[in-house]
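Just follow the structure's listing: the first ligand is 1, and inside any ligand the first atom is 1.
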Amino acid sequence: MSPLLEIIDLSHHFGGLQAIADFSLQVEEGELVGLIGPNGAGKTTIFNLITGVFRLSQGRILFRGEDISAWASHRITAAGIARTFQNIRLFKDLSVLDNVRLGAFAQHRYSLFDALRRSRAFKDEEGRLTRRALKLLERFQLSHYAETPARHLPYGEQRRCEMARALISGPRLLLLDEPAAGMNHSEAEDLIRIIRELQDEFRLTIILIEHQMRVVLNLCQRVTVLDFGCTIAAGPPAEIQHHPAVLEAYLGRDGSISEADEAETAAQA
Ligand SMILES: Nc1ncnc2c1ncn2[C@@H]1O[C@H](COP(=O)(O)OP(=O)(O)O)[C@@H](O)[C@H]1O
Ligand SMILES: [Mg+2]
């Protein structure tokens with residue numbers, strides 16, 4: 001059987017800057033793979049390439065054996081790939097419920113004409129969507145915020161709302177871009193538990209970009225380390241964090257691994 005996601009010799013440049021260089025990655029159905037590396041390594045760019053936000057300069061991306069390299073974003077979402085963003089992108093003035101419902105936009109089965117006529121098909125679909133959104137809110141312990149504008153949510157809840165929104169399209173592959181960023185110890189613990197449960201419950205395959213090593217160590221079966229758009233190491237997270245090339249990459253740049261460890265130690269104290 002072919003892998004769920006196959007990235008082959010991916011390269012991307014922004015003008016003269018080579019952001020990704022010959023990057024390859026295979027992800028099997030049901031895996032939870034970590035993607036780590038110093039700031040500016042190219043991690044978010046890889047998510048943007050997978051989801052069709054950027055056109056690849058070179059290489060191929062296969063999802064369930066199909067070449068999606070040239071597909072538009074909405075088609076990629078409809079095919080089963082969803083994501084969250086490093087910088088939270090909720091519609092701040094809309095309610096939490098509406099934010100989650102909007103995540104289904106690419107999935108709507110009714111036509112614009114149906115919507116305008118407020119046809120039976122549209123109402124049925126809308127009803128299904130609302131029930132599904134409410135269930136997800138319950139799942140993420142956000143029910144009591146359903147009618148609250150997203151801007152009034154505490155930070156950790158905003159991150160959970162983003163995940164609920166990503167899940168409403170019923171993805172097979174979920175791309176999480178630094179979901180624990182800015183979370184304290186107990187929020188990150190909650191997040192670890194939720195991600196693990198989601199993986200079981202929705203039979204999800206996940207690629208996780210994350211700086212908090214504790215989250216990576218707890219969740220990922222294997223990790224790929226990126227620096228300057230190239231893979232510098234790959235393997236089980238416990239081995240990777242002591243890999244000389246990895247330590248050098250982090251220490252030589254922003255020292256994120258040690259910072260994360262210090263933050264963790266401080267939080268546990
Ligand atoms: N839209 C863009 N236009 C130009 N340069 C970009 C753009 N997005 C990212 N870059 C550059 O590409 C490199 C990788 O960025 P990014 O993928 O965001 O890194 P990471 O997520 O690993 O921190 C950085 O040098 C960044 O400045
Ligand atoms: Mg990033």
Is there any N or O on Ala41 that sits under 3.5 Å from an N or O of ligand 1? yes
For Arg196, I'd like to know if atom CZ has over 12 heavy atoms of other residues, nucleotides or ligands within 6.0 Å. yes
Can Thr205 and Arg172 be counted as having a side-chain donor-acceptor contact under 3.5 angstrom? no
Asn218 side chain to Arg193 side chain, donor-acceptor N/O pair below 3.5 angstrom: no
Compute the angle centred on the Mg ion (ligand 2) spanning OE1 of Gln86 and OG1 of Thr44, and express it rounded to 10 degrees. 90°
As a quick check of understanding, evaluate salt bridge (charged side-chain N to carboxylate O under 4.0 Å, His left out) for Glu187 and Arg159, giving each step before the final call. CA-CA 10 Å; Glu187 286 172 329; Arg159 287 248 170 239; over 6 Å; no
Please write down residue, atom name and distance for the protein heavy atom closest to atom 18 (O) of ligand 1. Thr44 CB, 3.8 Å
Numbering the atoms of ligand 1 from 1, which are under 4.0 Å from a heavy atom of Ala19? 12 (O)
Could you tell me whether ligand 1 has any atom less than 4.0 Å away from a heavy atom of Phe47? no
Check whether any protein heavy atom sits under 4.0 Å from atom 27 (O) of ligand 1. no
State, with a plain yes or no, whether a side-chain heavy atom of Asp22 is found less than 4.5 Å away from one of Ser11. yes
Does any N or O in the side chain of Glu31 come within less than 3.5 Å of the main-chain N or O of Gln221, such that one atom is a donor and the other an acceptor? no
Could you walk me through whether Asp93 and Arg151 satisfy the salt bridge (charged side-chain N to carboxylate O under 4.0 Å, His left out) test, starting with their C-alpha distance in whole Å, then the side-chain angles of each, then the deciding distance to 0.1 Å, before giving a yes or no? CA-CA 6 Å; Asp93 294 323; Arg151 69 163 72 251; 2.6 Å; yes
Taking N or O atoms only and a 3.5 Å limit, does Gly40 qualify as a polar contact for ligand 1? yes
When you measure from atom 22 (O) of ligand 1 to each heavy atom in Gln18, Lys43, His13, Glu178, which option holds the nearest one? Lys43
Around atom CZ of Phe91, are there more than 12 heavy atoms from other residues, nucleotides or ligands closer than 6.0 Å? no
Part of Asp177 with heavy atoms under 4.0 Å of ligand 1, whether side chain, backbone, both or neither: neither
Determine, stepwise, if the pair Ile61 / Ile68 fulfils side-chain contact (heavy atoms from CB on, under 4.5 Å). CA-CA 6 Å; Ile61 300 176; Ile68 62 165; 3.9 Å; yes
Numbered atoms and elements of ligand 1 in range of Phe54, under 4.0 angstrom, heavy atoms: 1 (N)
Is there a donor-acceptor pair under 3.5 Å between the side chain of Lys43 and the backbone N or O of Gly37? yes
Using a 4.0 Å cutoff against the non-hydrogen atoms of Asn39, which atoms of ligand 1 qualify? 23 (O)
Atom 19 (O) of ligand 1: which protein heavy atom is closest, and how many Å away? Gly42 N, 3.2 Å
Just to confirm my output: which protein heavy-atom neighbour is closest to atom 11 (C) of ligand 1, and how far is it? Leu17 CD2, 3.6 Å
For ligand 1, which is the ligand I care about here, please tell me if Thr45 has any N or O atom under 3.5 Å from one of the ligand's N or O atoms. yes
Atom 7 (C) of ligand 1 has as its nearest protein heavy atom Phe14 CZ, 3.4 Å
